[in-house]
S.K.: 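Have a look at this one before I ask anything.
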Amino acid sequence: MGIAVSTERKRVAVLISGRGSNMTTLIDAAKAPGFPAEIVLVVSNRLDAAGLATARAEGIKTAVVNHRDFADRETFDAEIDQVLKANAIELVCLAGFMRLLTPGFVEGWRNRMINIHPSLLPAFKGLHTHRRALEAGVKLAGCTVHFVRADMDDGPIIIQAAVPVLDTDTEDTLSARILTAEHQIYPRALELVSAGKVEVRDERVVRLDPEAAEDTSVLMCDGGG
Ligand code: GRF
């Protein structure tokens, strides 16, 4: 029944710190009929995050929890947790959220919080990933959506996309190519998690849906763009 299906949509919060282009792709994807999640809340630690205006223009509730207002990471995370619970959030998407989360908070959202990182993890965790990929001379770069664990940019991998690194690349051109891939895989990963099509077993993600053999968790992109 239509009504029964719609009530099963997972209530999702997106946590941002900046422009929010990944957030926007999640919002757009969730507009599709039958998408198993709805973006009901956007939380930023920065008042000036450009993504907040985008979310408001989409009619999505926003909240700012400024980390500078808190004495330590534990109390900041406790406030974020309270905001998420007050909004009956079931799944959390980190999308350019530039704060390290405490182990207690991460554990509380275990397998219910996902992140996107612009590298083929476990390579190039942390900041300046594109510059470091260029310096290392890798020929393939990419992005990863993964379940969040306490260590930075660590956790079971849901989807990865690979893009070529060209000799002519700069940080700007490489990050633009990777960002295009990010926008493809993040909605797809949210769909898989929200629909219950994946499960974490022994800290690896396995697909449960019958079409898993066709709909792989790997995306190979070409160099154009
Ligand atoms: C993206 O590259 C994402 O992978 C990284 O931070 C960036 C956020 O960009 N974690 P946006 O705010 O989604 O445009």
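We count ligands from 1, going down the list as the structure has it; atoms in each ligand are counted the same way.
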S.K.: Quick one: CD on E74 to OG1 on T102, what's the gap to the nearest 0.5 Å?
M.R.: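 Between atom CD of E74 and atom OG1 of T102 there are 5.5 Å.
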S.K.: Going by an N to O cut-off under 4.0 Å, is there a salt bridge joining D151 and R149?
M.R.: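 Looking at D151 and R149, the cut-off is not met.
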S.K.: List every atom of ligand 1 that sits less than 4.0 Å from any heavy atom of R19, numbering the atoms from 1 in the order shown and giving each element.
M.R.: 9 (O), 11 (P), 12 (O), 14 (O)
S.K.: With only distance considered, is N115 within less than 3.5 Å of ligand 1 through an N or O on each side?
M.R.: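 In fact, backbone or side chain, N115 has no N or O that close.
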S.K.: Which ligand 1 atoms are under 4.0 Å away from a heavy-atom of G96?
M.R.: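 Per the distance check, 6 (O), 8 (C), 10 (N).
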S.K.: For S21 and H183, what are the C-alpha separation, side-chain angles and deciding distance, and is it a side chain to side chain donor-acceptor pair (under 3.5 Å)?
M.R.: CA-CA 8 Å; S21 71; H183 294 166; 2.8 Å; yes
S.K.: Has I116 got any heavy atom lying under 4.0 angstrom from an atom of ligand 1?
M.R.: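 It does, in that a heavy atom of I116 comes within the 4.0 Å cut-off of ligand 1.
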S.K.: For atom 3 (C) of ligand 1, what's the nearest protein heavy-atom neighbour? Residue, atom name and distance, please.
M.R.: E182 OE1, 3.2 Å
S.K.: Please list every donor-acceptor pair under 3.5 Å in which a side-chain atom of residues 85-92 meets a protein atom from a residue at least two apart or in another chain.
M.R.:
unit_1: K85; atom_1: NZ; unit_2: D81; atom_2: OD1; d: 3.3
unit_1: K85; atom_1: NZ; unit_2: D81; atom_2: OD2; d: 2.7
unit_1: N87; atom_1: OD1; unit_2: K61; atom_2: NZ; d: 2.7
unit_1: N87; atom_1: ND2; unit_2: V83; atom_2: O; d: 2.8
unit_1: E90; atom_1: OE1; unit_2: R11; atom_2: N; d: 2.7

S.K.: May I ask you to identify the nearest protein heavy atom to atom 12 (O) of ligand 1, giving residue, atom name and distance to one decimal place in Å?
M.R.: G20 N, 2.8 Å
S.K.: For the residue pair F76 and H67, categorise the inter-ring angle as parallel (less than 30°), tilted (30 to 60°) or perpendicular (more than 60°).
M.R.: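 Because their plane-to-plane angle is over 60°, the rings of F76 and H67 count as perpendicular.
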